There are 4 protein chains.
Amino acid sequence: MVVVMAPDATDEQIAHVTERVEGVGGQAFVSRGVVRTIIGLVGDIESFHGLNLRTMPGVAAVHRISDPFKLVSRQHHPDRSTVWVGPAGHQVPIGPDTFTFIAGPCAVETASQTLEAAEMAKAAGASLLRGGAFKPRTSPYAFQGLGVKGLEILADVRETTGLPIVTEVVDARDVTVVAEHADMLQIGTRNMANFGLLQAAGESGKPVLLKRGMTATIEEWLMAAEYVAQRGNLDVVLCERGIRTFEPSTRNTLDISAVPVVQSISHLPIIVDPSHAGGRKDLVVPLSRAAIGVGADGVIVDVHPNPENALCDGPQALLGTELRELASAVRIMPPALGRVDAGERVRG
Amino acid sequence: MVVVMAPDATDEQIAHVTERVEGVGGQAFVSRGVVRTIIGLVGDIESFHGLNLRTMPGVAAVHRISDPFKLVSRQHHPDRSTVWVGPAGHQVPIGPDTFTFIAGPCAVETASQTLEAAEMAKAAGASLLRGGAFKPRTSPYAFQGLGVKGLEILADVRETTGLPIVTEVVDARDVTVVAEHADMLQIGTRNMANFGLLQAAGESGKPVLLKRGMTATIEEWLMAAEYVAQRGNLDVVLCERGIRTFEPSTRNTLDISAVPVVQSISHLPIIVDPSHAGGRKDLVVPLSRAAIGVGADGVIVDVHPNPENALCDGPQALLGTELRELASAVRIMPPALGRVDAGERVRG
Amino acid sequence: MVVVMAPDATDEQIAHVTERVEGVGGQAFVSRGVVRTIIGLVGDIESFHGLNLRTMPGVAAVHRISDPFKLVSRQHHPDRSTVWVGPAGHQVPIGPDTFTFIAGPCAVETASQTLEAAEMAKAAGASLLRGGAFKPRTSPYAFQGLGVKGLEILADVRETTGLPIVTEVVDARDVTVVAEHADMLQIGTRNMANFGLLQAAGESGKPVLLKRGMTATIEEWLMAAEYVAQRGNLDVVLCERGIRTFEPSTRNTLDISAVPVVQSISHLPIIVDPSHAGGRKDLVVPLSRAAIGVGADGVIVDVHPNPENALCDGPQALLGTELRELASAVRIMPPALGRVDAGERVRG
Amino acid sequence: MVVVMAPDATDEQIAHVTERVEGVGGQAFVSRGVVRTIIGLVGDIESFHGLNLRTMPGVAAVHRISDPFKLVSRQHHPDRSTVWVGPAGHQVPIGPDTFTFIAGPCAVETASQTLEAAEMAKAAGASLLRGGAFKPRTSPYAFQGLGVKGLEILADVRETTGLPIVTEVVDARDVTVVAEHADMLQIGTRNMANFGLLQAAGESGKPVLLKRGMTATIEEWLMAAEYVAQRGNLDVVLCERGIRTFEPSTRNTLDISAVPVVQSISHLPIIVDPSHAGGRKDLVVPLSRAAIGVGADGVIVDVHPNPENALCDGPQALLGTELRELASAVRIMPPALGRVDAGERVRG
């Protein structure tokens with residue numbers, strides 16, 4: 001941590017800072033410049049936070065110089081992690097050596113729609129099935145999902161297709177029931193800073209897919225992952241799904257740079273959701289190709305047997321030609337870049 | 001709702017749209033232009049949503065032309081509302097005729113700190129006391145609040161000072177206990193889209209202070225208020241607290257225009273939080289004056305007897321000269337603009 | 001300047017940094033922490049920029065700790081400046097003791113429309129007339145202004161009304177002709193980083209009204225003012241006019257906090273443009289009141305005798321009731337906050 | 001164009017709108033809904049703009065439904081264009097069938113540095129050389145480029161290496177001299193809305209590389225291209241280089257979705273600048289791979305023989321291992337996605 005003093009800071013004010021720092025067991029190195037004095041702090045960062053250095057007289061600014069996350073940081077865990085998703089006997093990897101294709105309907109509507117979508121996903125090469133039973137919706141008048149009945153449908157479809165299930169949980173009170181049915185708990189963009197939910201997911205015993213808040217910085221997102229990890233659960237996969245910007249032609253702006261940035265500072269796997277980022281069916285294939293190119297560990301996309309009748313996000317669901325194009329990209333590109341299809345590395 | 005067809009849309013595609021609209025009981029008016037055809041829809045908007053018009057072949061765009069919120073809209077409720085906060089016998093108004101000054105510490109730390117802050121607030125002219133017992137923090141390593149013990153301290157301080165209490169609730173599971181102690185439930189910026197929490201607050205029987213999500217549009221914010229209202233609770237006060245932008249010199253950018261924009265489309269009262277918007281003590285007084293000037297129904301500010309030792313947001317807490325300046329602005333400006341101090345309109 | 005070394009930086013890498021810094025005449029203070037080493041640099045910042053410290057092996061980050069602007073900074077010029085606008089014998093102040101009301105049509109269309117708008121502005125209490133002869137337009141198919149003929153109309157209207165003229169210049173090649181006719185040169189939001197234009201305006205001998213780029217940080221804006229100042233022209237007035245954000249209900253988001261932030265770090269006057277920020281007529285009066293409340297040194301607003309026929313930005317031009325409300329706010333509020341109307345302090 | 005009337009609009013107000021529309025030769029189709037009336041306009045959009053429909057009494061909103069750009073639109077020019085860059089006898093294509101790799105130093109500093117960088121670029125597979133002689137800099141105290149001397153160095157290096165030259169022009173007054181030396185004129189991000197410069201470039205007779213304004217929407221960017229095209233120059237290549245967002249870990253956020261979005265509405269080629277978007281050397285290779293994956297028509301990157309001594313943007317310049325990795329990606333990936341290296345399609 002570095003404390004920058006105001007140009008007119010007095011010697012007493014500088015001494016006050018160093019005394020407070022030393023009072024909590026830290027060391028303070030003072031560098032007096034022509035115009036300003038800066039003080040470098042060495043010691044336990046957490047203890048320095050309690051000092052409210054920014055409120056002290058004569059202090060102009062305080063710069064943090066190390067990352068605030070620990071368990072998810074790559075600093076003490078240099079190798080990138082692999083997270084395994086699925087029941088014992090059929091676990092699908094998400095990690096640095098593989099490319100994991102996850103697909104399914106935005107919302108579970110009926111048993112037949114879900115099964116049909118799952119079969120489309122499987123035929124296209126997906127190793128995991130996504131599908132929402134609990135849906136967070138901006139409007140209280142929109143379809144909110146089938147709830148527990150949706151979970152049961154998903155479990156049945158897993159039985160039939162063999163695809164492990166990724167599904168969203170939107171309320172800490174539902175974590176137990178969702179964890180009973182699902183193989184991976186998704187925390188959605190609107191709940192990325194719902195700390196009670198993050199902690200509950202951390203205690204669930206299931207791997208977590210943590211979507212980036214649509215207005216969260218990468219650091220805040222990793223702090224959210226830290227909430228999960230702190231409860232003993234390091235099986236967290238991050239999912240970049242677009243951030244809110246001024247550009248209106250896409251629903252959100254896919255921050256493709258987040259993939260290598262995250263990989264440079266965290267050991268957690270990271271995948272991309274091109275469907276929700278763009279909100280447009282015609283962008284799913286090119287954005288998936290971009291995700292593969294940039295080095296993502298997987299993609300998660302919406303497919304629906306009949307988008308015109310979808311109860312949720314129909315305009316971005318793939319079928320027909322576009323799904324075949326996507327299947328082709330997912331089959332061809334990752335091997336050219338040194339990755340194996342996750343379906344070929346299932347752990348028995 | 002207006003459907004814009006692509007330039008190359010066929011007659012069949014146009015007919016398909018009008019048939020689907022008529023199939024759910026709506027009317028479709030077709031205007032054929034030189035380049036494009038547009039179709040105006042008349043009828044029940046909710047039923048049109050289910051059609052996924054954007055997915056239909058030949059459709060280029062769909063424009064919604066009416067507001068999606070209903071209960072909080074000014075359309076069917078043209079008079080602006082007043083919300084009353086406090087126990088029977090001492091209810092403080094927040095509404096169009098008054099100006100309500102709310103102050104207190106960011107976090108409840110100890111009984112004496114809370115009492116001292118409450119007395120500072122009262123001396124400066126505040127009618128309501130704010131103070132956090134449950135704190136949502138970006139870092140799992142930061143102080144998370146005293147919880148129920150903090151609520152008890154707040155209740156004691158209300159006893160002593162007579163100021164009704166506004167305090168945050170961060171988890172749907174805590175709504176009951178918070179509602180037992182507090183006079184108004186605050187939903188914070190990170191939870192604005194925590195729909196389960198909004199619904200629980202809507203059922204609590206207490207008025208709700210709903211902060212804007214730091215990256216929520218005004219429309220999304222009003223939809224969040226609609227979630228509360230839908231559970232039968234129309235006692236919602238909105239609070240503008242800054243939005244996330246690219247400007248780094250303030251923590252967030254106070255969207256001062258949101259006040260008149262909200263007042264033009266919703267009947268709910270709206271106040272401003274200049275402390276959290278700027279994150280800087282030196283901005284609290286000028287931003288409070290801006291809030292009064294723009295026509296806000298109140299302000300909510302952080303005060304602390306000893307900011308250097310505050311466990312939360314010390315750098316923005318007022319005391320001394322700045323608090324006196326704020327007290328002076330709150331006493332002088334609203335009457336000049338036609339508003340009475342809320343403390344003079346307490347309902348017995 | 002502070003250099004933060006990577007956790008695994010070697011002693012050689014640290015020595016390399018200090019040698020380079022000392023090689024250009026600076027001093028380097030090394031603080032070795034448990035995890036990281038930080039190096040505080042003291043000396044001439046400009047010379048350090050040439051070192052490309054961020055590219056050196058072992059360097060994790062470089063933090064600048066002083067402001068990059070000099071001539072416009074309040075550091076060596078603590079008193080806030082007053083800029084005088086108008087011909088010898090009738091100079092209107094913009095500065096910390098006064099409130100300056102500037103009004104006029106967005107674009108000069110005809111002599112009679114301009115005169116009529118000027119008389120509206122004067123009757124409402126304006127001391128300076130705004131009006132555009134050269135218009136930068138997003139569309140090449142939109143009205144681009146009358147050019148030199150517009151300047152002549154403005155000069156005639158100044159003759160009739162006595163109001164000094166503020167008008168925009170959009171191209172360095174036009175600075176001379178605009179400076180011949182106008183009393184103050186406006187640099188618009190799209191040209192804030194047009195450095196050739198800034199330098200030409202700096203050499204024009206006329207005061208400059210520098211609008212904030214709609215996506216410029218405050219620091220970048222002050223650097224643009226520094227470009228003008230560097231050519232010997234310190235008569236620069238800043239104008240906050242809204243920044244680009246995700247909120248769609250206003251054209252831009254008025255960053256009202258920019259006023260006190262700028263006043264804390266620069267001695268230049270700062271005014272607010274509520275018309276272009278909101279792009280909505282109904283917001284001009286409340287936003288002007290907010291500007292007065294926050295402590296702005298003036299406002300600049302669009303008025304038009306017949307907005308329905310305006311060739312530019314008709315939807316935001318005031319007339320009738322709203323103009324009377326604005327005139328009233330401008331007359332009553334600033335004195336209550338300690339400012340005199342600029343029209344009463346004209347310098348003969 | 002669609003006009004949405006307010007819920008309380010009167011029949012007279014509706015009639016007023018239709019009369020004004022018919023008065024300029026348009027047709028107005030009125031659809032009366034339960035709550036609102038909407039009016040669809042058919043005819044010449046430009047003539048409707050002059051009506052200021054938004055200012056008319058009873059009008060709630062006006063929606064534009066067609067794109068405002070024409071010459072650069074794909075609507076009347078469905079085939080995507082190829083732009084040829086270079087002197088007669090050696091013209092390099094940028095277009096839908098090829099992938100064009102452009103590389104060179106951010107700034108021309110010396111003849112030897114430029115030649116060395118050009119040789120690095122050529123060895124890595126580049127077909128065009130970039131290099132700045134006129135540099136727009138945020139700080140007036142930063143290196144502003146060598147000017148005409150820099151152009152002469154570039155021309156000499158073209159002589160030696162055979163690589164056609166892309167270089168920036170920052171002032172309309174310099175267009176002639178830059179066009180005499182360069183093969184393609186670059187308009188930088190800060191000048192995207194410098195309309196005088198766009199028009200001058202449009203008249204220069206040379207192809208134009210138009211970078212996206214860092215805060216421009218895609219529509220505004222295409223309108224800027226329209227300014228160039230309107231002067232008779234359709235040889236415009238667009239360059240996505242990142243937009244300004246709240247995320248601090250990269251200099252700007254590369255809007256990778258802009259590539260397929262632009263390709264769907266404009267026939268102009270579009271390339272990606274991964275160096276300036278991220279501002280970090282370690283992101284150049286992954287972002288270039290993302291650009292290839294998403295379907296960009298090329299990339300433009302910074303290379304420098306000695307980044308530590310670069311006068312401009314040293315931290316993002318490639319050399320050594322990273323340049324080899326980039327060369328490899330550029331050689332292998334485009335053919336796998338159906339594109340030929342532009343260097344193999346040079347037109348004699």
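Naming: A, B, ... by sequence-line order, numbering from 1 per chain. In this text, all values refer to a predicted model and were calculated from it rather than measured experimentally.
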Task: Inter-residue atom distance B:Phe246.CZ - A:Phe246.CZ, 0.5 Å rounding - done: 9.5 Å
- [ ] Report the C-alpha distance between A:Glu220 and B:Arg190 in whole Å, list the side-chain angles of each, state the deciding distance to 0.1 Å, and finish with yes or no for salt bridge (charged side-chain N to carboxylate O under 4.0 Å, His left out).
- [x] CA-CA 12 Å; A:Glu220 289 166 345; B:Arg190 286 176 187 74; 5.9 Å; no
TODO: Considering non-hydrogen atoms only, spot the tightest contact between B:Gly279 and A:Arg54 and give its length.
DONE: O-NH2, 3.2 Å
Open item on the list: What's the separation between atom CG in A:Asn194 and atom CG in B:Asp171, rounded to the nearest 0.5 Å?
Closed with: 7.0 Å
TODO: Please identify each residue that fulfils salt bridge (charged side-chain N to carboxylate O under 4.0 Å, His left out) with A:Glu322, with sequence neighbours left out.
DONE: none
Open item on the list: I'd like to check the salt bridge (charged side-chain N to carboxylate O under 4.0 Å, His left out) partners of B:Glu240; sequence neighbours left out, ordered by chain and number.
Closed with: B:Arg212
TODO: Side chain from CB out, backbone as N, CA, C, O: work out which of these in A:Thr189 comes under 4.5 Å of a heavy atom of chain B, or both, or neither.
DONE: neither
